[in-house]
Amino acid sequence: TGSVGTSVASAEQDELSQRLAKLRDQV
Amino acid sequence: MALPPQLKPIQHHLRTAQEHDKRDPVVAYYCRLHAMQTGMKLDGKTPECRKFLVKLMDQLEMMKKELSDNESISQEIVGNAHIENYALKVFLYADSEDRSGNFHKNLIKSFYTSSLLFDVLSVFGELSEENIQHRKYAKWKAAYIHNCLKNGETPQ
């Protein structure tokens, strides 16, 4: 379950990074 | 929403954002953007930090929508100039009060706020040498005058 938790955390981190890039018109 | 301890380094930038929400929303927006970027680097993984950062992102997206007519928000190059001018304005006010010997709490706060605003400029890229020096001087002056006033001494 540890690796599942880490994957979920990474996916959420990626989602935040994508939202940040969009906010800054970098996508 | 309470700030998780891991994100404590961004608390002063968030407070500056809050103080400028009405006075200068462009400053508030870029202070939050800086806090967001720094927060993600500090800890974007633990659930409490993610929750906090998602809320902060919601707030940034809402601000960008509300301020979409403002060129300082829609064009970062204009925003960069706005924040740099504002940081210098606050710095020069503090410096002039300091040189006139008008030592008061607002002077300390102005030096400190200007140093935070020079931090915020890093969202646009590397700071110029001049801005690095201003930031260093403002941080040092804020701490020095604070200590002098606390100890009942007159700053030199």
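Residue numbers start from 1 in every chain, and the chains themselves are labelled A, B, ... in the order their sequence lines are given, proteins ahead of strands.
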Heavy-atom distances under 4.5 Å only: say whether B:Leu33 touches chain A with side chain, backbone, both or neither.
side chain
Would you call the rings of B:His20 and B:Tyr86 parallel, tilted or perpendicular if under 30° counts as parallel and over 60° as perpendicular?
perpendicular
Aromatic ring centroids of B:His146 and B:Tyr112 under 6.0 Å?
no
Check whether B:Asp43 gets within reach of chain A through its side chain, its backbone, both or neither, counting any heavy atom under 4.5 Å.
neither
Are any non-hydrogen side-chain atoms of A:Lys22 and B:Glu61 less than 4.5 angstrom apart?
no
Do B:Arg135 and B:Leu117 have side-chain heavy atoms sitting under 4.5 Å apart?
no
Side chain / backbone / both / neither for B:Met40 at chain A, heavy atoms under 4.5 Å
both
